[in-house]
Amino acid sequence: GDVVLLQFGANDNGGASGKGALKGTGPESEDVTRDGKTETVHTFGWYLQQFVKETREQGDTPIICSLTPRKNWTADGRFRRDNTTHVAWAAEVAKDTGAPFVDLYELIARKYETLGQEKVVPLYVPSPKENLHTGWDGAVVHAECVIAGLKGLKENPLAPYFSARANDIAPITLSADPKTTDSPGNSPSKK
C-alpha cells in the first residue's frame, strides 16, 4: 500500500563502459567486465521498468519522477534544456507502464526561468563548478516543485498526507508537448 517515488539519472551518464546503464529504454544489454567480474548491463529504461514492475508486485504504487536539471543558462538568459535523454526515457517508461509521471526537470527549469539566473545561482552549493547540488534554499524550491507536480497528477495518492504548507502550493500540470504548458504563467521550454 505504499507509494514509491522513482527518480534516477543524475549519475547514470557513464554508460556500460563507466557506470550506470546503457542509453535508451529498449531491451538491449551488454556484458561488461570490471575488476575481473562480468555483469550484464541493461538500458536505463529497462531498469526503470523493472523497478515499476517490482513495486507493483509488492502491492505498492510507483510514481516516476524525472531527474532534476543541472544549472545551465543560455547567453540570452533562458534556462538551457538538456532533456532528451534520461528525462525523455523516464517519460517513455511512465507512458509504457501506465505509471504516473512528474516531470521535475521541466517544472524546475520553468521555476528557474521565473526566478532568473541571479536568484537561482545562490540556490546551489557555493562552488564555481557546482551545477547539480543545491543548498537548503534550492532544496526547498525543488521540494515545492515535487508537490506541485504531484498535485498536478490526474490521481494523487499522496494528497491526504500533505502538510498545511504543501496544501498551499498550487498544482502544475504540464501538457504532453514540452513546448507548451497547461499552467498559466509558465514560459514555454526551448530545446
Side-chain angles (χ1 to χ4, degrees), residues 1-10 12 24-25 44-45 48-49 51-53 55-56 60-74 76-117 119-120 123-124 132 134 137-191:
D2 290 334
V3 176
V4 180
L5 299 179
L6 302 168
Q7 180 197 47
F8 302 100
D12 288 325
T25 61
F44 175 83
L48 193 51
Q49 290 169 12
F51 294 134
V52 169
K53 179 179 174 249
T55 299
R56 287 181 171 149
D60 300 328
T61 302
I63 297 175
I64 297 175
C65 298
S66 71
L67 73 154
T68 59
R70 294 177 187 270
K71 178 180 61 177
N72 194 356
W73 297 86
T74 63
D76 66 351
R78 303 255 318 151
F79 194 81
R80 185 182 314 275
R81 305 307 201 272
D82 182 20
N83 54 0
T84 59
T85 57
H86 295 89
V87 174
W89 300 333
E92 184 178 333
V93 170
K95 182 178 178 185
D96 290 348
T97 62
F101 179 65
V102 176
D103 190 348
L104 291 179
Y105 190 101
E106 186 62 26
L107 290 171
I108 292 168
R110 291 179 188 191
K111 180 68 173 180
Y112 284 175
E113 285 182 334
T114 300
L115 293 172
Q117 188 172 0
K119 290 183 180 176
V120 170
L123 298 177
Y124 283 78
L132 178 61
T134 65
D137 292 338
V140 169
V141 169
H142 285 204
E144 289 172 349
C145 288
V146 171
I147 298 300
L150 288 170
K151 290 174 97 174
L153 294 174
K154 192 176 224 178
E155 294 179 28
N156 176 11
L158 294 172
Y161 307 104
F162 285 151
S163 67
R165 182 173 177 185
N167 283 329
D168 289 339
I169 296 172
I172 298 176
T173 304
L174 300 175
S175 70
D177 179 355
K179 294 179 183 170
T180 63
T181 179
D182 295 337
S183 301
N186 288 325
S187 59
S189 69
K190 290 186 178 178
K191 290 188 178 182

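Values below: all heavy atoms of this structure, side chains included; hydrogens, waters and symmetry mates excluded. Along the sequence shown, residues are numbered consecutively beginning with 1. Model, not experiment: these values are computed from the prediction.
With contacts defined as side-chain heavy-atom distances shorter than 4.5 Å, the pair I172/L174 qualifies. The shortest side-chain heavy-atom distance between F162 and L150 falls under the 4.5 Å cut-off. Between L153 and F101, the closest side-chain pair of non-hydrogen atoms is not below 4.5 Å. The side-chain heavy atoms of Y112 and L123, taken from C-beta on, include a pair separated by under 4.5 Å. No side-chain heavy atom of K71 sits less than 4.5 Å from a side-chain heavy atom of L132. Using a 4.5 Å heavy-atom cutoff, the side chains of L48 and I64 are in contact. For the pair R56/P62, a side-chain contact is recorded, criterion being any heavy-atom separation below 4.5 Å from C-beta on. Looking only at side-chain heavy atoms (C-beta outward), D82 and R70 stay at 4.5 Å or farther from each other.
No donor-acceptor distance shorter than 3.5 angstrom exists from the side chain of Q117 to the backbone of G77, with no hydrogens or angles considered. In terms of modelled atom types and a separation under 3.5 Å, the side chain of T134 and the main chain of A139 share a donor-acceptor contact. Side chain of S66 to backbone of Y105: a donor-acceptor contact under 3.5 angstrom is found.
For H86 and F44, the distance between ring centers is under 6.0 angstrom.
In this structure, CD1 on I63 lies 12.5 Å from CD on Q7, to the nearest 0.5 angstrom. Atom CG of L67 and atom CG of D103 lie 9.0 Å apart (nearest 0.5 Å). Between the OG1 atom of T74 and the CZ atom of R81 there is a distance of 9.5 Å, given to the nearest 0.5 Å.
Considering all non-hydrogen atoms of both residues, G152 and P171 come closest at N-CB, 3.8 Å. Considering every non-hydrogen atom in both V102 and G149, the closest pair reads CG1-CA, 3.7 Å. Closest of all the heavy-atom pairs between A109 and P69 is N-CG, 4.3 Å. Between L107 and C145, the closest heavy-atom pair is CD1-O, 3.6 Å. Counting all heavy atoms, side chain and backbone alike, T25 lies closest to Q49 at O-NE2, 3.6 Å.
Test K151, K111, R165 against E144 for salt bridge (Lys or Arg N to Asp or Glu O under 4.0 Å) and you get one pass: R165.
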Does V4 form a side chain to side chain contact (heavy atoms under 4.5 Å, CB included) with F51? I'd like the steps, not just the answer. CA-CA 10 Å; V4 180; F51 294 134; over 6 Å; no
Test side chain to side chain contact (heavy atoms under 4.5 Å, CB included) on I108 and V141; report intermediate values, then the result. CA-CA 8 Å; I108 292 168; V141 169; 5.5 Å; no
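In summary, the side chains of T55 and D60 do not present any donor paired with an acceptor at a separation below 3.5 Å, with no hydrogens or angles considered.
Under a 4.0 Å N-O distance rule, the pair E113/R80 does not qualify as a salt bridge.
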